Number of protein chains: 2
Amino acid sequence: MKLSQRGEYALRALLVLGMNHGPAVVRIRDIAQQQNIPRRFLEQILNDLKSAGFVVSKRGVAGGYRLQRGPEEISLADIIRHLEGPLAPVGCVSVNYYQRCSCPDEGKCAIRSVMQEVRDAIVGVLEGVSVAHLCDRVRDLQGPLENPLDYII
Amino acid sequence: MKLSQRGEYALRALLVLGMNHGPAVVRIRDIAQQQNIPRRFLEQILNDLKSAGFVVSKRGVAGGYRLQRGPEEISLADIIRHLEGPLAPVGCVSVNYYQRCSCPDEGKCAIRSVMQEVRDAIVGVLEGVSVAHLCDRVRDLQGPLENPLDYII
DNA sequence: TATAATCCCGACTAATTTAGTCAAGTATTG
DNA sequence: CAATACTTGACTAAATTAGTCGGGATTATA
């Protein structure tokens with residue numbers, strides 16, 4: 001699993017939406033400015049996150065985005081799978097995007113058995129962290145002294 | 001960490017060399033046939049593994065390749081790092097290929113802290129497995145009944 | 001109802017990476 | 001010397017990545 005720039009931007013954007021979760025929406029422009037993401041690129045990314053059902057949008061003057069589900073219901077594994085495809089390092093150990101490889105017998109492939117372990121290790125971490133957890137970490141890392149309004153991601 | 005075709009071929013080739021470790025060399029052609037790897041491509045890959053010091057070659061009629069060090073001294077982490085670059089999903093948590101990312105404060109970046117855990121999980125597996133371990137797995141997976149000469153990878 | 005703000009959509013591009021191929025050369029053994 | 005193998009470097013086609021861009025659709029509000 002390698003996170004592309006696009007993927008990193010998406011996570012950062014979802015984290016902003018998580019931190020501002022509520023009935024109100026957040027503008028693309030604000031997310032882009034705060035996170036230093038190219039605005040046009042972010043539009044594209046949020047559009048994708050929208051059609052995947054992670055966020056909903058509101059158009060027009062007071063428009064913007066918010067999370068569709070609660071932040072505790074969205075795992076990083078889900079997000080990254082949608083953005084980058086398989087979490088597994090090789091297709092033949094991917095559960096969600098399985099693809100046969102060229103070795104003669106998968107059941108007896110030693111490399112595969114190692115990659116299986118790598119996959120499980122990755123998924124173990126990523127399934128266990130939701131956007132809400134991320135938000136908790138932001139608060140923890142910042143410490144209790146700072147102004148919660150200008151949090152840093 | 002995503003394993004490219006090239007990377008997978010390299011692992012398979014090294015595993016063959018591990019299984020045949022000894023003073024004798026193995027021909028590219030034999031590795032390519034046994035593992036179903038395009039011969040010309042494998043030439044390129046082995047050349048790379050040679051300049052990286054994983055294997056040594058012998059030219060001429062009875063030429064071929066063998067491992068430079070013992071199979072127990074070569075970890076999958078080393079191999080993959082050389083072939084694919086960082087094991088970490090993002091540059092800012094890579095120990096060997098660190099690269100600063102665009103977030104304002106790495107020390108307080110929640111996403112980074114998760115990716116750190118992912119990296120540690122990946123490295124934990126891959127540092128712990130050597131080519132010799134891979135060979136053991138091949139033998140284990142095959143069971144004791146089969147002919148050790150036509151092992152499958 | 002006009003208008004400005006905002007999201008929406010699809011096409012486009014440039015740079016990089018990936019997966020190979022190929023030709024001609026060099027060393028070694030029999 | 002001839003056949004066999006590795007060596008080197010250039011080349012290519014396709015896919016991916018990281019954006020950019022123009023213009024259209026929607027909506028709050030004055």
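The sequence lines fix the lettering, A, B, ..., with proteins before strands; numbering per chain opens at 1. As the structure is a prediction and not an experimental result, all values here were calculated from the model.
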**OP:** Heavy atoms of chain B, cut-off under 4.0 Å: which first and last nucleotide of DNA chain C, 5' to 3', fall inside that, if you could look?
**Re:**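 The contacted stretch runs from C/dA19 to C/dT29.
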
**OP:** At under 4.0 Å between heavy atoms, which parts of nucleotides 24-29 of chain D does protein reach? Answer with one letter per nucleotide, 5' to 3': B base, S sugar-phosphate only, - none.
**Re:** BBBBB-

**OP:** Scan residues 38-51 of chain B against DNA chain C and write down, sorted by residue number, each residue with any heavy atom closer than 4.0 Å; if none is found, say none.
**Re:**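 Of all residues in residues 38-51 of chain B, the ones placing a heavy atom under 4.0 Å from DNA chain C are B/P38, B/R40, B/F41, B/Q44.
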
Subject >> Residue whose nearest DNA chain D nucleotide is more 5′ - A/E84 or B/Y65 >> reply: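 Counting from the 5' end, the first nearest nucleotide belongs to B/Y65.
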
**OP:** Output yes when at least one side-chain N/O atom of A/Y9 is less than 4.0 Å from OP1 or OP2 of D/dG19, else no.
**Re:**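 A/Y9 to D/dG19 OP1/OP2: side-chain N or O found under 4.0 Å.
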
**OP:** Would you please confirm or rule out a distance under 4.0 Å between OP1 or OP2 of D/dT16 and any side-chain N or O of A/S4?
**Re:**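 Answer no for this pair, as no side-chain N or O of A/S4 is under 4.0 Å from OP1 or OP2.
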
**OP:** Drop me the distance from A/R100's CZ to A/E106's CD, to the nearest 0.5 angstrom.
**Re:**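 Going from CZ on A/R100 over to CD on A/E106, the span is 5.0 Å.
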
**OP:** Using the side chain to side chain contact (heavy atoms under 4.5 Å, CB included) rule, take A/C101 and B/E8 through it: C-alpha gap first, then chi angles, then the decisive distance, then the call.
**Re:** CA-CA 10 Å; A/C101 82; B/E8 191 187 319; 4.0 Å; yes

Original post:
What's the shortest heavy-atom distance between B/A77 and B/E127, and which atoms?
Top reply: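 Taking every non-hydrogen atom into account, CB-OE1, 3.6 Å.
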
Subject >> Step-by-step side chain to side chain contact (heavy atoms under 4.5 Å, CB included) determination, A/D48 to A/L83 >> reply: CA-CA 9 Å; A/D48 180 16; A/L83 294 161; 4.1 Å; yes

Subject >> Whether over 12 other heavy atoms sit under 6.0 Å from B/Q99 CD >> reply: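 Atom CD in B/Q99 is not crowded, with 12 or fewer foreign heavy atoms closer than 6.0 Å.
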
Original post:
Do the non-hydrogen side-chain atoms of A/M19 and A/L15 ever get within less than 4.5 Å of each other?
Top reply: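 Contact flag for A/M19/A/L15 side chains = yes.
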
Original post:
Quick one: are A/V114 and B/H133 in side-chain contact, heavy atoms under 4.5 Å?
Top reply: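 Side-chain contact under 4.5 Å: no.
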
**OP:** Identify the residue among A/L134, A/L67, A/L46 that makes a side-chain contact (heavy atoms from CB on, under 4.5 Å) with A/L14.
**Re:**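 Single pass found, and it is A/L67.
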
**OP:** Find the distance A/Q5:CD to D/dT20:C1' and express it as a whole number of Å.
**Re:**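 To the nearest whole Å, that distance equals 16 Å.
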
**OP:** State whether the side chain of A/H21 and the backbone N or O of A/G18 hold a donor-acceptor pair below 3.5 Å, judged by distance alone.
**Re:**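 A pair under 3.5 Å: no.
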
Original post:
Would you call B/R137-B/D140 a salt bridge at under 4.0 Å N-O?
Top reply: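 No.
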
